[in-house]
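In what follows, a structure is listed as structure tokens, so that the remarks can point back to it.
If you're wondering where the values come from, they're calculated on a predicted model, not measured in any experiment.
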Amino acid sequence: MTTLPLHRRPVPDGPIDDALIGFIEAHPVSTTPFDPRWGLSRLVTGPGSIIDTVDAEGSRVAIAAVVDACVNAANSANLVLLCLHPGIDRDALAGFLLAEAEAITAAGPRGRLEVDAEDLFLDRGPELEARGFREAYRMHAMRRPLDAAPPPVPPLPEGLVWSPPTEATMRSQHEAVSAAMMPVPGASVPDFESFAARARAMPDQHGLILRGDAVAGFLRVHPPKVAGGEGDVALIGRHPEHRGGGLGDILVAESLRRLHTAGAGSAALTVAAVNDAALALYRRHGFTVAETTPVYVKDFPVA
């Protein structure tokens with residue numbers, strides 16, 4: 001069991017420590033949202049936004065981060081739990097991480113902290129509200145089986161072509177993702193260099209619809225870790241200039257084709273509960289709502 005009280009161990013500047021990554025890999029939570037080495041290097045403003053938690057004996061018990069380097073319409077940072085030791089006092093850890101995340105966010109650059117009520121924070125609405133948080137929106141987790149091949153992908157409209165990400169399209173891809181995702185609750189976009197580094201590292205997981213070198217639509221899928229496992233439609237959208245052209249159905253169909261080809265037995269995605277158009281699109285392709293997660297926010301005065 002954890003020996004209280006909990007403390008925060010400073011994370012040094014420089015490359016992320018292998019031992020820290022190893023602890024995350026040994027004790028992950030089910031909702032870890034990004035590759036930890038990349039995310040802790042690219043999605044936080046610095047090591048001060050990483051919460052490396054140890055107990056009174058100096059034993060590491062959990063790692064979380066305040067994702068504050070991404071841009072979104074609400075100027076929000078996000079508290080993300082990456083891992084925790086199974087013997088942790090969960091009540092003590094929840095309070096400790098919230099206090100640390102509040103202090104990090106209050107120091108800037110973001111003016112709001114978001115916390116998803118899942119994993120450690122599941123059913124902690126009253127506790128969050130007592131700390132000054134309020135429920136801002138909800139996210140649906142949607143799933144559909146892929147035990148049979150999905151329907152064929154419709155052809156692209158004339159003048160549009162499929163492409164992987166390339167150096168020629170990278171800026172347009174970042175601009176299209178930003179334009180499409182920024183207004184959506186829960187969506188954040190990394191800076192261009194971080195975005196491009198990730199696209200270069202896994203080009204096979206991306207698909208672009210181009211008109212010339214301009215990105216009209218985009219997708220990113222994460223294949224299953226094991227054959228027959230769940231694949232993830234991690235990102236999907238089209239540039240606002242291409243609304244109403246049927247690209248949404250094409251992008252979803254292509255995402256399902258890729259996941260089925262990769263051996264996925266099911267597909268999953270998340271979508272804001274208020275996004276009626278996206279919900280209708282995904283339902284047309286066989287997705288149903290499996291879980292709903294409230295997201296709580298707390299505002300901080302701008303320094």
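Remark: side-chain polar atoms of Y137 are not paired, donor with acceptor, to backbone N or O of V274 under 3.5 angstrom. The backbone N or O of V80 lies less than 3.5 Å from no partner atom in the side chain of N78, so there is not a single donor-acceptor pair. Remark: the backbone N or O of A176 is not paired with any side-chain donor or acceptor of R238 at under 3.5 angstrom. Judged purely by atom type and a 3.5 angstrom limit, T169 has no side-chain atom pairing as donor or acceptor with the backbone of P165. The backbone N or O of C70 lies less than 3.5 Å from a partner atom in the side chain of R110, making a donor-acceptor pair. Proximity of a side-chain donor or acceptor of R258 to a complementary backbone N or O of H206 within less than 3.5 Å is detected. A donor-acceptor contact shorter than 3.5 Å links the side chain of R144 to the backbone of H285. Under the 3.5 Å distance criterion, the side-chain polar atoms of H174 are matched with a main-chain donor or acceptor of P190. Put simply, the side chain of K298 gets close to the backbone of R131: a donor and an acceptor are under 3.5 Å apart. Judged by distance alone, with hydrogens and angles left aside, the side-chain atoms of S59 form no donor-acceptor pair with the main-chain N or O of D55 at under 3.5 Å.
If you check the side chains of D68 and T45, you find a donor sitting under 3.5 Å from an acceptor. When only modelled atom types and interatomic distance are considered, Y296 and E127 share no side-chain donor-acceptor pair under 3.5 Å. No hydrogens or angles considered: nothing links the side chains of R9 and H7 as a donor-acceptor pair under 3.5 Å.
Contact between I50 and R8 at its shortest, heavy atoms only, is O-NH2, 3.3 Å. When all heavy atoms of A56 and L4 are compared, the pair lying nearest together is CB-O, 3.6 Å. Of all the heavy atoms in A180 and P183, the pair that sits closest is O-CD, 3.6 Å. Closest non-hydrogen pair, H239 versus A179, comes out as NE2-CB, 4.2 Å. Nearest heavy-atom pair, I51 versus A101, reported as atom, atom and distance to 0.1 Å: CD1-N, 4.1 Å.
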Q: Give the C-alpha distance, both sets of side-chain angles, the deciding distance and a yes or no for salt bridge (Lys or Arg N to Asp or Glu O under 4.0 Å) between D119 and R124.
A: CA-CA 10 Å; D119 284 328; R124 293 189 186 272; over 6 Å; no
Q. Going through the checks in order, is the side-chain contact (heavy atoms from CB on, under 4.5 Å) test met by F96 and V61?
A. CA-CA 12 Å; F96 176 80; V61 294; over 6 Å; no
Q: Go through the steps to decide whether E193 and R42 satisfy the test salt bridge (Lys or Arg N to Asp or Glu O under 4.0 Å), and finish with yes or no.
A: CA-CA 9 Å; E193 291 302 331; R42 295 281 188 171; 5.7 Å; no
Q: Begin with the C-alpha distance, continue with both residues' side-chain angles, and end with the deciding distance and a verdict on side-chain contact (heavy atoms from CB on, under 4.5 Å) for L79 and F121.
A: CA-CA 11 Å; L79 174 58; F121 301 104; 3.7 Å; yes
(Q) Test side-chain contact (heavy atoms from CB on, under 4.5 Å) on L82 and F34; report intermediate values, then the result. (A) CA-CA 9 Å; L82 294 168; F34 50 69; 3.7 Å; yes
Q: For side-chain contact (heavy atoms from CB on, under 4.5 Å), just list the numbers for D35 and R198, CA-CA rounded to whole Å, side-chain angles, deciding distance to a tenth of an Å, and then say yes or no.
A: CA-CA 10 Å; D35 172 77; R198 194 62 172 155; 3.4 Å; yes
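The pair E167-R200 meets the salt-bridge criterion, since a charged nitrogen lies less than 4.0 angstrom from a carboxylate oxygen.
The shortest side-chain heavy-atom distance between V215 and V177 does not fall under the 4.5 Å cut-off. Put simply, the side chain of L219 reaches to within 4.5 Å of the side chain of E254, judged on heavy atoms. You'll find the side chain of V252 stays beyond 4.5 Å of the side chain of V233, heavy atoms only. Looking at heavy atoms from C-beta onward, P151 lies out of side-chain contact with L256 at the 4.5 angstrom threshold.
For the atom pair CZ (F218) and OG (S163), the distance works out to 15.0 Å, reported to the nearest 0.5 Å. Atom CH2 of W38 and atom CE of M202 lie 7.0 Å apart (nearest 0.5 Å). Within the model, atoms NE2 of H222 and CG of L235 stand 8.5 Å from one another, a figure rounded to the nearest 0.5 Å. Taking CZ from R171 and CZ from F195, the interatomic distance works out to 11.0 Å, rounded to the nearest 0.5 Å. The distance from the OG1 atom of T270 to the CZ atom of R143 is 10.0 Å, given to the nearest 0.5 Å. Between L20 atom CG and L40 atom CG the span is 6.5 Å, to the nearest 0.5 Å.
The aromatic rings of H27 and H85 sit tilted, their planes meeting at an angle between 30° and 60°.
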